[in-house]
Amino acid sequence: MKIVYFAWVRERIGKAEEQVDVPDGIGTVADLVRWLKSRGEEYQYAFENEGIVRAAVDHTHVKPEASIAGAREIAFFPPMTGG
Amino acid sequence: MKIVYFAWVRERIGKAEEQVDVPDGIGTVADLVRWLKSRGEEYQYAFENEGIVRAAVDHTHVKPEASIAGAREIAFFPPMTGG
Amino acid sequence: MARTIRIQAEPFDAAAETGLLTKGRGDIGAVVAFTGLCRDEDGRLAALELEHYPGMAEAEIGRIAAQAESRWPLLGLTVIHRFGRIAPGEEIVLVLAASAHRQAAFEAASFLMDYLKTRAPFWKREHLKDGTVGAWVEAKEADDRATQRWG
Amino acid sequence: MARTIRIQAEPFDAAAETGLLTKGRGDIGAVVAFTGLCRDEDGRLAALELEHYPGMAEAEIGRIAAQAESRWPLLGLTVIHRFGRIAPGEEIVLVLAASAHRQAAFEAASFLMDYLKTRAPFWKREHLKDGTVGAWVEAKEADDRATQRWG
């Protein structure tokens with residue numbers, strides 16, 4: 001599964017994207033965040049306030065309880081400031 | 001005193017403007033309309049529904065009860081359809 | 001504040017007018033441009049003829065612009081209204097409102113258009129494709145209601 | 001309905017884009033153009049850097065545009081959003097909404113801007129005049145509130 005990061009989430013994690021093998025039992029975006037945070041300080045820093053970081057599954061905004069089953073690309077990023 | 005007419009008010013009266021000597025006792029726009037209507041059928045036709053025709057005194061919208069004392073130019077016209 | 005009001009027969013250049021408002025400025029974050037165009041009314045219309053009250057048109061639009069400037073923190077305002085014969089697809093009116101933020105620019109432009117429709121001394125008459133002169137366009141109650149919402 | 005959505009680094013030409021929407025048409029009576037510009041923040045800013053999520057930016061703006069088209073009787077819609085380094089006074093975003101009447105065009109353009117601010121995957125970072133890289137611009141609660149008013 002491909003994970004991509006943007007803006008200060010990308011900077012805190014130190015990479016723009018990565019391929020991960022997600023262990024069994026990781027069913028939702030919230031599960032994925034919990035698992036990522038177990039992988040190191042940079043992830044804990046990026047997700048230190050989980051309520052702020054937004055997620056998208058295959059280019060669509062989703063809530064933390066959204067399923068990641070079958071997803072090709074999951075993205076994490078701060079609140080948008082476009083326009 | 002100069003009176004100017006626009007759009008179908010102008011067409012009904014048959015002129016775009018005229019100089020008139022208003023008799024004593026004509027104090028307001030409503031008085032002026034009443035006096036104009038006494039001058040002929042074309043005025044009665046233009047002002048047949050007095051509630052519709054709008055007035056301006058010296059380039060400013062006014063209500064029928066507005067005074068015409070000292071006015072240089074009084075205008076009568078249908079509701080505006082600009083923009 | 002940069003304020004431009006013009007009543008003219010000639011077409012206008014919206015891009016050039018926008019450039020005049022924004023050029024060399026770092027404080028403008030939002031420009032809303034409204035362009036009103038002549039419709040052909042399902043092919044029925046050959047042209048609109050716009051009559052106006054010279055002198056009062058400028059004065060009244062100036063008063064409307066001053067109201068907009070007092071209600072919103074504007075950094076620039078342009079109103080250009082054409083008169084004369086205007087063919088379908090051609091532009092009739094341009095309103096530009098510039099501000100630091102979008103809300104003020106949107107509201108001011110919308111306010112100006114509602115007031116232009118109901119307060120600016122212009123009258124439209126239809127010229128039809130069959131060569132006849134059609135009716136004077138009637139004022140719409142919807143435009144009065146739109147104006148009233150600004151209090 | 002003519003719908004154009006582009007994400008690009010290059011500047012855009014609002015007049016040319018408007019011409020593409022309106023040329024040869026007799027049914028469009030109103031075009032609202034919103035242009036968002038980079039402010040210099042009282043001279044503090046050298047540039048804004050806009051990061052975006054390629055692929056999702058186009059997809060999300062497409063969904064926002066489809067919502068606007070379902071809510072208002074639009075006759076044309078253009079959204080162009082730039083990314084990369086943008087200097088004060090330069091244009092960041094263009095929204096064009098064309099309709100028969102002004103109300104739909106005003107509301108659709110305002111709706112699109114509110115949703116672009118809060119839903120389109122773009123992030124702004126400040127580059128300061130003193131050569132340092134400033135903070136990521138924080139999302140504003142006012143933008144969320146503005147978006148919520150559309151229900």
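Since the structure is predicted, the reported quantities are computational estimates derived from the model, not experimental observations. Residue numbering restarts at 1 for every chain, and letters A, B, ... go by the order of the sequence lines.
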Distance, nearest 0.5 Å, that separates CE of M56(C) from CD of E73(B):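 Separation between the atoms: 10.5 Å.
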
task: Rounded to the nearest 0.5 Å, what's the gap from CZ on R54(B) to OG1 on T118(C)? Could you check?
output: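 These two atoms lie 8.5 Å from each other.
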
- request: Report yes if the side chains of R125(C) and W8(B) come closer than 4.5 Å at any heavy-atom pair, otherwise no.
  value: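 No, side chains not in contact.
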
query: Does the side chain of R10(B) reach to within under 4.5 Å of the side chain of E51(C), using non-hydrogen atoms?
result: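 A side-chain contact exists here, since the closest heavy-atom pair is under 4.5 Å.
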
Could you check whether atom [atom1] of [X] has more than 12 heavy atoms from other residues, nucleotides or ligands sitting under 6.0 Å from it?
X       : atom1 : result
D130(C) : CG    : yes
E65(B)  : CD    : yes
F12(C)  : CZ    : yes
R72(B)  : CZ    : no

query: So which of G55(C), P121(C), G36(C) has the biggest tally of heavy-atom pairs under 4.5 Å with chain B?
result: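 Result: the option with the highest number of such pairs is G55(C).
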
- prompt: Pick from R82(C), M113(C), H81(C), E58(C): which one has the most heavy-atom pairs with chain B under 4.5 Å?
  reply: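 Of R82(C), M113(C), H81(C), E58(C), H81(C) has the most heavy-atom pairs under 4.5 Å with chain B.
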
message: For I92(C), which atoms come within 4.5 Å of any heavy atom of chain B: side chain, backbone, both, or neither?
response: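 Only the side chain of I92(C) comes within 4.5 Å of chain B.
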
query: Under a 4.5 Å heavy-atom cut-off, does chain B meet the side chain of E138(C), its backbone, both or neither?
result: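 Just its backbone gets close to chain B.
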
message: Which label fits W123(C) and F77(B): parallel for a plane angle under 30°, tilted from 30 to 60°, or perpendicular past 60°?
response: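 Judged by the thresholds at 30° and 60°, the geometry between W123(C) and F77(B) is tilted.
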
- prompt: Of the non-hydrogen atoms in T81(B) and V137(C), which two are nearest, and what is the gap between them?
  reply: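 Residues T81(B) and V137(C), closest heavy atoms: CG2-O, 3.3 Å.
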
message: Looking only at heavy atoms and a cut-off of under 4.5 Å, which of G83(B), A75(B), P78(B), A56(B) has the most pairs with chain C?
response: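 Maximum pair count with chain C is reached by G83(B).
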
